[in-house]
Amino acid sequence: MNTSDLLSYCMDKPGAEQSVHSDWKATQIKVDDVLFAMVHEVQGRPAVSLKTSPALAELLRDQHQDVQPSEHLNKSHWSTLFLDGALKDSQIYYLVDASLQQALNTRAAGNGHG
């Protein structure tokens, strides 16, 4: 998967807004001002950071060498997925959708952080 395909998929979500975090050289994608994806380069590779439950994050990291804890975000909830690795596009799209749902659930619970 390439970065532009991923960004297009994320921006197709209702209410999605894109901004650049200059310190991290990352494109942040938010819905209702809640971050659900951050597209950036890690170790010179295209990557996306996505939010999951801590249990899913641990499972993904155990099963895939292309999934790591996120450098700038809460490591128990946020994982960085390399786009040029072994993960299938369908897995990445599923995890984008799950991240959006997780972010919106967090906001609905009254806690916009995490």
*Which atoms form the tightest heavy-atom contact between Ser49 and Leu73, and what is the distance?*
CB-CD1, 4.0 Å
*Return the minimal non-hydrogen interatomic distance between Cys10 and Ala16, and the atom names on each side.*
O-CB, 3.4 Å
*Does Asp5 reach the side chain of Tyr93, with side-chain heavy atoms less than 4.5 Å apart?*
yes
*Please walk me through it: do Thr106 and Val34 pass side chain to side chain contact (heavy atoms under 4.5 Å, CB included)?*
CA-CA 9 Å; Thr106 300; Val34 178; 5.8 Å; no
*Is there a path from Leu59 to Leu95 through hydrophobic residues (I, L, V, M, F, W, Y) whose side chains come within less than 4.5 Å of each other?*
yes
*Hey, quick one: are Leu50 and Trp24 part of the same hydrophobic cluster, counting side-chain heavy atoms closer than 4.5 Å, chains of contacts allowed?*
no
_Hydrophobic clusters here meaning ILVMFWY residues chained together by side-chain heavy-atom distances under 4.5 Å, can you tell me if Leu100 and Leu35 are in one?_
no
*Please assess Asp97 against Gln101 for the test side chain to side chain donor-acceptor pair (under 3.5 Å), listing each intermediate value before the final yes or no.*
CA-CA 6 Å; Asp97 292 345; Gln101 198 57 55; over 6 Å; no
*Going by heavy atoms in the side chains, are Phe82 and Gln68 under 4.5 Å from each other?*
yes
_Side chains of Met38 and Trp78 in contact at under 4.5 Å (non-hydrogen atoms)_ = no
_Between Leu56 and Val48, is there shared hydrophobic-cluster membership here, with clusters defined by ILVMFWY side-chain heavy atoms closer than 4.5 Å?_
yes
_Would Met11 and Ile29 count as a side chain to side chain contact (heavy atoms under 4.5 Å, CB included) here? Give the steps._
CA-CA 7 Å; Met11 291 307 294; Ile29 299 129; 4.1 Å; yes
*Any pair counted as salt bridge (Lys or Arg N to Asp or Glu O under 4.0 Å), so long as it reaches residues 57-81, sequence neighbours left out*: Arg45-Asp66
*asked:* Please give me the minimum heavy-atom distance between Pro46 and Thr3, naming the atom from each residue.
replied: CB-OG1, 3.6 Å
*Could you walk me through whether His72 and His40 pass the side chain to side chain contact (heavy atoms under 4.5 Å, CB included) test, one step at a time?*
CA-CA 11 Å; His72 300 294; His40 51 122; 5.5 Å; no
_Quick one: does any side-chain atom of Ser99 pair with a main-chain N or O of Phe36 as donor and acceptor, under 3.5 Å?_
yes
*Search all heavy atoms of Thr80 against all heavy atoms of Ser70 and return the closest pair with its distance.*
OG1-OG, 3.0 Å
*Under a 4.5 Å side-chain heavy-atom rule over Ile, Leu, Val, Met, Phe, Trp and Tyr, are Met1 and Leu87 clustered together?*
yes
*To the nearest 0.5 Å, what is the distance between NZ (Lys30) and CD (Glu17)?*
9.0 Å
_Counting only heavy atoms not in Gln18 (residues, nucleotides, ligands), do more than 12 fall under 6.0 Å from its CD?_
yes
